[in-house]
Protein chains: 2
Amino acid sequence: MARPRKTQQIDIRARAIAETIRLLDEKAATAITLSEVAVAVGCRAPALYTHFANKDALLRAVHDAGFRMMLEEKLALAARHEGDAFARLREGGHAYLRFAFERPGLYRLMFSPPPLVVTDENPFATDAGAACLAALRSAVRSCQAAGYLPAEDDAQTAFTLWAAVHGAASLVLQDRAPAADRDGARAAAMATVDMLMGFIGATRPPLS
Amino acid sequence: MARPRKTQQIDIRARAIAETIRLLDEKAATAITLSEVAVAVGCRAPALYTHFANKDALLRAVHDAGFRMMLEEKLALAARHEGDAFARLREGGHAYLRFAFERPGLYRLMFSPPPLVVTDENPFATDAGAACLAALRSAVRSCQAAGYLPAEDDAQTAFTLWAAVHGAASLVLQDRAPAADRDGARAAAMATVDMLMGFIGATRPPLS
DNA sequence: CAATTAATTTAATTTTGTTAAGTTTCATCA
DNA sequence: TGATGAAACTTAACAAAATTAAATTAATTG
């Protein structure tokens, strides 16, 4: 049965991405073989080449899927904090870190991505990572409207905040946090968000 | 001449590390082959196995060398800013980013390291990365003594600052900074340091 | 100076990404 | 409806690169 009957077809593309995400929590991307992915999917390795140009393209698809997941969470969370801009920023930071800690392998791939596969379209046209940054930027503007933070340069402020939180996640996932155990390291990252929020809180001129 | 005469011996270990650092600025670690390294060193690939257990061990040695280089720079800079704790922190941030931007390939390897090679010794006993964090922590304490920052928890503060600056470097090296060109992205990272210093400056109670 | 150890080489092996060739199913169109 | 071509797989073959084995020569040591 070279070509499977339509009734027993599986969505190789979607399953390969999902299984790779799962495998990423067991081993690094370089250690994952296409055979492994194929077995998990339920096909042979060359079948993957019908859906992805090569291994890097698969990893890039996983990378993109990661950012789409992150964006979804971000938008859902924003909807839950319509009112309080300051709280939205804080909860956004905490949620970001939970995302990273729940899927450490995926997070690592998202931020040390495989070389971009050459395509004819603009890679950033559909980049969910850029959309995540845009969402953060909108939260920053809400905070500015509430009197926090320097009034100008919301893009720069959003970048700074993302850098800080991403940096905390990244260091923790590499065991570079000054903490004895895993939970201590994660707590240190969470505390980073709180410290930043403390700084931001201090930027608000005292009520007169 | 299977074994080279002592007069014409080369220090394969040191040269392999140096040449790999150089190659890292041309291509990613996964794309560097041991043959390439061997050619650059002036030997054959299997000779590398006398000095490194495997490719990961070589990359780990490069990773460690990177942190030692960073530590040296950090200590040299600290010596130049004995007096002014605030300036030391700011200049330290800028120097950190210059380090990352001058050696992007090495920096990437330092923060998305290959799996740790199993050895019998404690990997953190000689970890220059930990020493870098300790140096930053001492700069934080100086700043606290000068009246900046929350007074307690220097370790947490140092971690937060490192996270922010590392995060900025990491995002820029992945083209995730909101800037049109390379120089704009790097400027955004530098501005991150300035913004943090602004926050820190604001933590000092106004002179009465 | 003989014997062992060390540092390298070339040759062989293995793993894994990728391509080629072959097979079955699906879709289209006369 | 049946032939034909395209699509989605399979198994087989290939190629590159990491690793190991075997062989060779130099250094060291007793």
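These numbers come from a predicted model, not from an experiment. Note on naming: letters A, B, ... go to the chains in the order of the sequence lines (proteins, then strands), and numbering restarts at 1 for each one.
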Whole-Å distance separating the CZ atom of R44(B) from the P atom of dT10(C): 4 Å
Indicate yes or no for a side-chain donor-acceptor contact from Q156(B) to the backbone of A188(A) under 3.5 Å, with no hydrogens or angles considered. yes
With nearest nucleotide decided by heavy atoms, which residue, I10(A) or T7(B), maps closer to the 5′ end of DNA chain D? I10(A)
What do you reckon, are the aromatic ring centroids of Y96(B) and F101(B) less than 6.0 Å apart? no
Among dA18(D), dT9(C), dC9(D), which nucleotide has an atom closest to any side-chain atom of T33(B)? dA18(D)
Taking atom P of dT8(C) as reference, at what distance in whole Å does atom CZ of F52(B) sit? 12 Å
Atom pair CG (L58(B)) and OG1 (T20(B)), whose distance is rounded to the nearest 0.5 Å: 4.0 Å
I'd like to know if R3(B) reaches the base of dT25(D) with its side chain, counting only an N/O donor and acceptor under 3.5 Å. no
What is the distance, to the nearest angstrom, from the NZ atom on K6(A) to the C1' atom on dA6(D)? 13 Å
Touch check for L48(B), heavy atoms < 4.0 angstrom, all strands: base, sugar-phosphate only, or nothing? nothing
Parallel, tilted or perpendicular, as decided by the 30° and 60° cut-offs, for the rings of F67(B) and H63(B): perpendicular
Are R108(A) and D25(A) ion-paired here, with the side-chain N under 4.0 Å from a carboxylate O? no
Assign T50(B) to base, sugar-phosphate, or nothing according to its heavy-atom contacts below 4.0 angstrom with the strands shown. base
Quick one: N54(B) CG to dT20(D) C1', roughly how many Å, whole number? 13 Å
Which nucleotide in the set dT18(C), dC26(C), dT10(D) lies at the smallest distance from any side-chain heavy atom of Y49(A)? dT18(C)
What nucleotide among dC9(D), dA18(D), dT25(C) has an atom nearest to a side-chain atom of A2(A)? dC9(D)
H51(A) NE2 to dA7(D) C1': how many Å, rounded? 10 Å
Expressed in angstrom and rounded to an integer, what is the separation of R5(A) atom CZ from dC26(C) atom P? 6 Å
Picking from dA27(D), dC9(D), dT19(C), which would you name as closest to the side chain of P46(A)? dT19(C)
Please state how far atom CG in L59(B) lies from atom C1' in dA17(D), giving the value in whole angstrom units. 14 Å
Rounded to the nearest angstrom, tell me the gap between atom CG in D56(A) and atom P in dG17(C). 11 Å
